[in-house]
Amino acid sequence: MIEFQAVRKEYQNGTVAVHELSLSVRAGTITVLVGPSGCGKTTLMRMVNRMIEPSSGKVLVGGTDVRERDPAELRRGIGYVIQQAGLFPHRTVLDNIATVPLLHGRSKQEARQRAGELLELVGLQPELAKRYPAQLSGGQQQRVGVARALAADPPVLLMDEPFSAVDPVVREGLQDELLRLQDELDKTVLFVTHDIDEAIKLGEKVAVLRQGGHLAQYAEPDDLLAEPADDFVTAFVGRDRGYRRLSFVDSDSLSPQPVDTVELGSRVDRQQQWRLALDDAGRPRGWLPPETEVDGPLSEERLVAGGSLYSRGAPLRGALDAALSAPTGLGVVVDGDGGYVGVVTAEHVLGVIERHRRPEGLP
Ligand SMILES: Nc1ncnc2c1ncn2[C@@H]1O[C@H](COP(=O)(O)OP(=O)(O)OP(=O)(O)O)[C@@H](O)[C@H]1O
């Protein structure tokens, strides 16, 4: 779908930003370009929509050399999302999104209707439509940026560090949203980041670049972590790459065990073991320590806060964290509605990981 063929970019001042790089991006997937600052990621990405022209080599989109395409027509098929969204400050959220369909010759009414649909698609409440960008949070602005890029329904989406200006929690939400959207829309997404965790989470394939615009490795995330091509990639993916790989271990064989539970609001007797307190919807609220005297119905003040909760089916990294962060050493497993399922120990999680490890020397 997007093909870089021996692409090289040397700026007028002699800086070689991209060094004869070849890379093929599969249609309908998210491909991530990752690497330290200045390694040529943005330059490479901008050659796709002709914001930058290569010094030599070719970039093909859908099999055609982009130089044979009219830039304006080419860009209509390529959505572009940048850091801090790049919204028009004096236009409302709705008008920011509607600009693109209007440019494509839709009527004002059609454009606004389409903008409203996109707002919903990216998970923003309709009330926000009339606000101006400055009246939104960073995360909301980013969502508007994504909606605007999707407005022309382009087959290709370029995203240049789109989530780097928001805090880590909002950022995770935006990443999840992008994965959900991609499930629905099947775009060909080229995504630039310098954050290896983001690259591994989002990319079906990840291209690691190093200074001078060299391609250090192009691989699926699990392979990148399992077999970094050289010292540079090893250092870049970091010391805890083994831990990161937990994201790829299948969690099906994790079998949560039962633990004693008590219901908030009920009368409980004194006991020698920890018990997990649940609310009336069966959701965990915390742990009741051994030997606690409870006079009257059990209230939340008597509980010790639990650790993180592990949603069944999520990457095993979360199960290990739940076990290690719980005051009892028992990680609480919940279902999709947050309801209690059972508990796991760190030892149990490690056992599952151990059984899934690829024996050395086997593919
Ligand atoms: N217009 C320009 N003229 C000269 N040099 C440039 C120009 N634009 C970028 N460069 C240089 O080219 C190299 C690659 O820049 P580029 O912006 O592509 O890197 P990057 O990997 O996207 O960096 P970052 O993560 O910091 O955004 C850098 O050394 C940069 O200083």
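We count ligands from 1, going down the list as the structure has it; atoms in each ligand are counted the same way.
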**Q** Note the single closest protein heavy atom to atom 5 (N) of ligand 1, along with its residue, its atom name and the distance in Å.
**A**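 Of every protein heavy atom, Y11 CD1, 3.4 Å lies nearest to atom 5 (N) of ligand 1.
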
**Q** Which residue owns the protein heavy atom closest to atom 25 (O) of ligand 1, what's the atom, and how far is it?
**A**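 That would be K41 NZ, 2.8 Å.
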
**Q** Using a strict cut-off of 4.0 Å, indicate which atoms of ligand 1 neighbour a heavy atom of A17.
**A**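 Every atom of ligand 1 under 4.0 Å from some heavy atom of A17: 12 (O), 13 (C), 14 (C).
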
**Q** Among all the protein's non-hydrogen atoms, which is closest to atom 26 (O) of ligand 1, and how far away is it?
**A**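 Nearest neighbour among protein heavy atoms for atom 26 (O) of ligand 1, to 0.1 Å: S37 OG, 2.6 Å.
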
**Q** Looking at atom 7 (C) of ligand 1, tell me if a protein heavy atom falls under 4.0 Å from it.
**A**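 Yes; the ligand atom in question has protein heavy-atom contact below 4.0 Å.
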
**Q** Answer yes or no: is there an ion pair linking E184 with R180, defined by an N-O contact shorter than 4.0 Å?
**A**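 The answer is yes: the pair qualifies as a salt bridge.
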
**Q** Salt bridge check, R114 against E117: does any charged N sit closer than 4.0 Å to a carboxylate O?
**A**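 Yes, charged N to carboxylate O under 4.0 Å.
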
**Q** Protein heavy atom under 4.0 angstrom of atom 31 (O) of ligand 1, is there one?
**A**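 There is no protein heavy atom less than 4.0 Å from atom 31 (O) of ligand 1.
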
**Q** Salt-bridge test for D337 and R283: reply yes if a basic N is under 4.0 Å from a carboxylate O, no otherwise.
**A**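 No, no charged N to carboxylate O under 4.0 Å.
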
**Q** Indicate yes or no for a side-chain donor-acceptor contact from D65 to the backbone of L60 under 3.5 Å, with no hydrogens or angles considered.
**A**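 Looks like no, no N/O pair under 3.5 Å.
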
**Q** Within the structure, is a non-hydrogen atom of C39 found at a distance of less than 4.0 Å from ligand 1?
**A**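 Heavy atoms of C39 do come under 4.0 Å of ligand 1.
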
**Q** What I want to find out is whether E10 reaches R8 closely enough, with some N-O distance under 4.0 Å, to be called a salt bridge.
**A**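 So E10 pairs with R8 through a salt bridge.
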
**Q** Just to confirm my output: which protein heavy-atom neighbour is closest to atom 14 (C) of ligand 1, and how far is it?
**A**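 Among all protein heavy atoms, the one nearest atom 14 (C) of ligand 1 is G38 O, 3.5 Å.
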
**Q** Working to the nearest 0.5 angstrom, can you tell me the gap between H214 NE2 and Q217 CD?
**A**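 So the NE2 of H214 and the CD of Q217 are separated by 16.0 Å.
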
**Q** Atoms of ligand 1 less than 4.0 Å from G40 heavy atoms?
**A**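 Those qualifying, in numeric order: 14 (C), 16 (P), 18 (O), 19 (O), 20 (P), 21 (O).
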
**Q** Hey, is E3 close enough to K58 for a salt bridge, meaning N to O under 4.0 Å?
**A**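 Answer for the salt bridge query: no.
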
**Q** Identify the protein heavy atom lying closest to atom 11 (C) of ligand 1, giving its residue, its atom name and the separation to 0.1 Å.
**A**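 It is T15 CG2, 3.8 Å.
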
**Q** Which residue supplies the protein heavy atom nearest to atom 17 (O) of ligand 1, what is that atom called, and how far is it?
**A**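 It is T42 CB, 3.8 Å.
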
**Q** Which protein heavy atom lies closest to atom 15 (O) of ligand 1, and at what distance to 0.1 Å?
**A**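 For this ligand atom, the closest protein heavy atom is T43 OG1, 3.8 Å.
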
**Q** With a cut-off of under 6.0 Å to the ring centre and 45° to the axis, is R148 in cation-pi contact with F88?
**A**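 So R148 does make the cation-pi contact.
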
**Q** Is the shortest distance from a heavy atom of E161 to ligand 1 less than 4.0 Å?
**A**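 In this structure, E161 qualifies as a contact of ligand 1 - some heavy atom is under 4.0 Å.
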
**Q** R171 and Q142: side chain to side chain contact (heavy atoms under 4.5 Å, CB included), yes or no, with the steps?
**A** CA-CA 10 Å; R171 186 172 181 158; Q142 256 350 107; over 6 Å; no

